[in-house]
Amino acid sequence: MSTSFDLNGKPTTLDADPKMPLLWAVREVAGLTGTKFGCGMALCGACTVHLDGKPIRSCITPLSTVAGRKVTTIEGLASRPAKAVQAAWVKLQVPQCGYCQSGQIMSATALLETNSKPTDADIDSAMSGNICRCATYSRIRAAIHAAADSIKV
Amino acid sequence: MAINPLASASTRRDFLKSAGTASALALTIGFEWGGTTRRALAGATPLTDRSFMPNAFVRVGSDDSVTVIAKHLEMGQGSYTGIATVLAEELDADWTRVRVESAPADAKRYANLAFGTMQGTGGSSAMANSWTQLREAGGKARAMLLAAAAKEWKVSVADLSAEKGVVYHAASKRQASYGALVATATGLPVPEAVKLKDPKDFKLIGQHVPRVDAAAKSDGSAQFTLDVVLPGMLVALLKRPPLFGATVKSFNASAATAVPGVVKVVQVPRGVAVVAKSFWAAKQGRDALQVEWDDSMAEKRGSVALMDEYRHLADQPALSARKDGDALRAIKAATRKVSASYEFPYLAHAPMEPLDAVVKLSADSCEIWAGDQFQTIDQANAAHTAGLDPQQVSIHTLYAGGSFGRRANPGSDYIVEAVSIAKAYGADGTPIKLQWTREDDIHGGLYRPMYFHKLEAGLNDKGELTGWHHVIVGQSIMAGTPFAAMIKDGVDPTSVEGAANIAYTIPNVSVELATTKTGVPVLWWRVVGSSHTAYAVEAFMDEVAHAAGQDGFTFRRKLLDQHPRMQAVLELAAEKAGWGTPLPPGKGRGIAVAEAFKSYVAQVAEVSVGKDGQITVDRVVCAVDCGTAINPDIIAAQMEGGIGFGLGAVLYGAITLKDGRIEQDNFNGYRVLRINEMPKVEVHIVPSAEPPTGVGEPGVAPLGPAVANAIFAATGKRIHVLPFSSSGVA
Ligand code: FES
Ligand code: FES
């Protein structure tokens, strides 16, 4: 069985069990390993990707769901908010072990793409599904604000 | 499930000999000409023909690149950046050309000098043990590059200077980059000794040097074990017994092998593994696998029953860990007596990256890819499992997605599992990745032990503390492991650290330990003993101060007169937090201080209590003295992280057993801190010229009691049973 969709701007057909979670299809079939596995139950956010621009947990999303749709992973981030988020992450030295950060950056980017000036409460509600065991949360918050400031015209 | 002692008898003996030797810094630094073979570094970047490798820790390329070889695991604590900073400082390297590569498993060259002859990372020792070694390595490399320039230009070394990877001769205005001097430097002798910089001349140490791994960890390109892909690699999931100590009675693999993609089902000592072409196939195969377990030797008690036993044991005679004067007599004679007990649950480390390892095993070699924390022990355990010599085991150490102690385990559990699966599969050179799921991690044991603490104190009529009696009940982490040599007179130092060495001046002190045995495997967890002792000591000290009618800061400050560094962090935290200034109703402030791994940390927490009794931690002010601050921003990050990690644990963290079965499965049952619960954190570093000490763990120690003491200030409620959620707070 194969599933066709747009992966990071490229038409892609993956030959895999349509019930296989998108996480593993992206990682093991498409070979894009930036998206991480943390819980497999939509509890940690490590596997966050964008489906038609919205953040989803790829660990519980069957591959068949994305047929004909647009999937963006950390490797495919290109929007202005995305670049601002990644730059702020480096500038504020957010990552520690780094394992959760692809998911954090995907959630933060999705937030900034719909809300150019998030409040702390907006950040809490957009980011509380993303666990960081290194607890880099203060810097994540600061980096989202910094990224928002940097894209203001 | 027993923790396997090191397999090889000779390795074990050497290790035991050195484990007790704290002064391992006396070991000579392993500078080796030509000692680093191409093969040893084959897993990293191949050596170019034109590079200068004066010692085991640095390579200068003819392209001016500087590669620092890190003997320590990077698991988030910033070791790669710290190691590179120290070496680059004395080398006068151009920081923009510095990169870091992980060292191969080779204890001869890459031992942790704090551990003796063993290579590994832990005890917040990475920078402390590398400090002199890497400064000398950088300084000697620099001296040789300068000597090379002197030789080429026929001038005196004394007339040369170096800056950012370039050697200058002022008089003749000549200059040469390090890369241009590589060929000449390679033929020169290594200097015996080298003069290290005066700290006032430091250009990198003490500055905000950016992390070497920040960019790769912000674009998805950083390589973790999860990301390893090798030609023909298979993925294995292991079905383990639901009870600790149970074994496989029988299994039926037919449903598992029927899953498309499943290649083989193999039995190994720890369970039954499903080896498949993909994670998804292995997962479905494992779900379909039927195993019958033999529970006859398994631990079947629950945590409630265990805690009852511990409580009972606290009233029995125990082993002495510290005895100054006669504490019980002093307490008996006291005008006022205070007593309390504290209960601590088992805790899982739950690093963000579930444990994983890739093993490529053949008849005469075993190659391992892992976020490896204990290379020498893992090498020995892998060799024993595979039936090889430790030298036949090579390890590629990758970034670890967190550890908090979990990957540093004396039995090498996940490595041994991976090797045993590769062996059962046929040891035919097929690379196999063992992947744990989050459930495997939460159920997998090696928890921070459960503990019961009982404390009593006596105050005289002036409100002075005259006697302190502390009894600790719980499992030993080191018993039955190669580290057992560090157990003195039955007292495991990791059970009592933070309590037996209590810094307060008290005339009569006794600290006792009752060591328990259960079938639940245990391990060090971030900040080890102080993850519970600091809470017991500092929460109880607050109760004592309150009974003495004194403020928690003033009371502690006076008792720390003999401990200037500890007193200084206490004062700094209090001052920066505005200790003593009024707070609105419904808010409270609490203070605590701890020493861990020779670093000193004090924290002041501010909490608010909602109408429903819900606690919010608004702010934590942290003061730390970790000697020379190599990288202040990383120190701040480790304090922030330690505070968030510690807060999640005291609010919600608990692994509980019912009839021997773990009751939590994933992040729903084992709740950790999330962003909306993270307090505002302010970190203040005490300026110091002392040698650097660790920062990865100490920030966790005072957080719990600081918050508990703040909750008392706000509500009048003391919390004696952790986590707070089980006490109806949080
Ligand atoms: S792995 Fe998908 S949310 Fe945790
Ligand atoms: S940086 Fe380690 S889990 Fe977030």
Side-chain angles (χ1 to χ4, degrees), chain A residues 16-17 19-21 23-25 27-29 31-41 43-44 46 73-75 77 85-102 104-105 120-121 123-141, chain B residues 74-78 210-211 213-224 226-227 229 235 260-261 278-281 283 350-354 399-404 435 437-439 633-634 637-638 640-645 647-648 666-668 672-681:
Chain A
D17 177 355
K19 291 200 292 295
M20 179 187 282
L23 167 65
W24 298 106
R27 288 184 54 85
E28 294 188 345
V29 187
L32 299 178
T33 56
T35 309
K36 300 296 189 246
F37 165 60
C39 71
M41 283 182 67
L43 296 166
C44 78
T73 67
I74 184 89
E75 291 90 350
L77 282 184
V85 165
Q86 286 177 307
W89 244 244
V90 174
K91 179 147 181 262
L92 296 184
Q93 300 278 290
V94 175
Q96 288 187 26
C97 85
Y99 192 82
C100 72
Q101 299 296 349
S102 294
Q104 305 282 2
I105 286 168
D120 278 344
I123 292 174
D124 281 350
S125 69
M127 303 299 296
S128 61
N130 286 81
I131 291 173
C132 175
R133 282 295 281 152
C134 301
T136 61
Y137 299 127
S138 320
R139 289 176 191 235
I140 289 174
R141 184 184 302 284
Chain B
E74 175 58 81
M75 50 187 154
Q77 84 282 38
R211 287 182 69 117
D213 52 354
K217 288 176 174 178
S218 300
D219 65 11
S221 65
Q223 289 278 301
F224 297 88
L226 183 79
D227 308 327
V229 179
V235 179
S278 68
F279 173 90
W280 183 236
K283 170 79 166 56
M352 207 66 228
E353 180 186 17
Y399 285 134
S403 172
F404 316 117
Q435 184 62 52
T437 62
R438 180 59 59 196
E439 290 80 4
D633 192 50
I634 290 180
Q638 287 308 299
E640 294 160 15
I643 286 164
F645 186 87
L647 183 57
N666 205 312
F667 288 124
N668 44 2
V672 300
L673 200 81
R674 291 177 183 269
I675 193 169
N676 51 308
E677 299 155 317
M678 183 74 190
K680 183 170 181 293
V681 176

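Lettering follows sequence order; numbering is per chain, from 1.
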Proximity breakdown for [X] and chain A, heavy-atom pairs closer than 4.5 Å:
{"X": "B/Pro679", "value": "backbone"}
{"X": "B/Ala222", "value": "backbone"}
{"X": "B/Glu439", "value": "side chain"}
{"X": "B/Ser221", "value": "neither"}

For the residue pair [X] and [Y], what are the closest heavy atoms and their distance?
{"X": "B/Arg438", "Y": "A/Gly38", "value": "NE-O, 2.8 Å"}
{"X": "A/Ala135", "Y": "B/Gly644", "value": "CB-CA, 3.6 Å"}
{"X": "A/Pro95", "Y": "B/Ala214", "value": "CG-O, 4.0 Å"}
{"X": "B/Gly401", "Y": "A/Cys97", "value": "C-SG, 3.5 Å"}

Q: Take A/Met20 and B/Ser278, measure what side chain to side chain contact (heavy atoms under 4.5 Å, CB included) needs, and give me the verdict at the end.
A: CA-CA 10 Å; A/Met20 179 187 282; B/Ser278 68; 4.3 Å; yes

At what distance, to the nearest 0.5 angstrom, does [atom1] of [X] lie from [atom2] of [Y]?
{"X": "B/Ile675", "Y": "A/Arg141", "atom1": "CD1", "atom2": "CZ", "result": "5.0 Å"}
{"X": "A/Gln101", "Y": "B/Asp219", "atom1": "CD", "atom2": "CG", "result": "12.0 Å"}
{"X": "B/Met678", "Y": "A/Arg139", "atom1": "CE", "atom2": "CZ", "result": "10.0 Å"}
{"X": "B/Met352", "Y": "A/Cys134", "atom1": "CE", "atom2": "SG", "result": "9.0 Å"}
{"X": "A/Met41", "Y": "B/Phe667", "atom1": "CE", "atom2": "CZ", "result": "11.5 Å"}
{"X": "A/Lys36", "Y": "B/Asp227", "atom1": "NZ", "atom2": "CG", "result": "3.5 Å"}

Q) Are A/Arg27 and B/Phe279 in a cation-pi contact, defined as NZ or CZ under 6.0 Å from the six-membered ring centre and within 45° of the axis? A) no

Any donor-acceptor pair under 3.5 Å linking the side chain of [X] with the backbone of [Y]?
{"X": "B/Asn676", "Y": "A/Asp124", "answer": "no"}
{"X": "A/Gln86", "Y": "B/Ser218", "answer": "yes"}
{"X": "A/Arg133", "Y": "B/Ala350", "answer": "yes"}
{"X": "A/Tyr99", "Y": "B/Phe224", "answer": "no"}
{"X": "A/Glu75", "Y": "B/Gly220", "answer": "no"}

Who among [options] has the most heavy-atom pairs with chain B under 4.5 Å?
{"options": "A/Ile74, A/Thr73, A/Leu32, A/Leu77", "answer": "A/Ile74"}
{"options": "A/Cys39, A/Ala46, A/Gly31, A/Ser102", "answer": "A/Cys39"}
{"options": "A/Gly98, A/Gly34, A/Ala16", "answer": "A/Gly98"}

Portion of [X] that has a non-hydrogen atom of chain B nearer than 4.5 angstrom:
{"X": "A/Trp24", "answer": "side chain"}
{"X": "A/Thr136", "answer": "neither"}
{"X": "A/Ile105", "answer": "side chain"}
{"X": "A/Asp17", "answer": "side chain"}

Q.
Between A/Glu28 and B/Trp280, does the side chain to side chain contact (heavy atoms under 4.5 Å, CB included) criterion hold? Intermediate values first, please.
A. CA-CA 9 Å; A/Glu28 294 188 345; B/Trp280 183 236; 5.7 Å; no

Q: Quickly, which of B/Lys217, B/Gln77, B/Gln638 forms a side-chain hydrogen bond (donor to acceptor under 3.5 Å, both in side chains) with A/Gln96? Name it, please.
A: B/Gln638

Q.
Among B/Met75, B/Gln435, B/Glu74, which residue has the highest count of heavy-atom pairs closer than 4.5 Å to chain A?
A. B/Met75

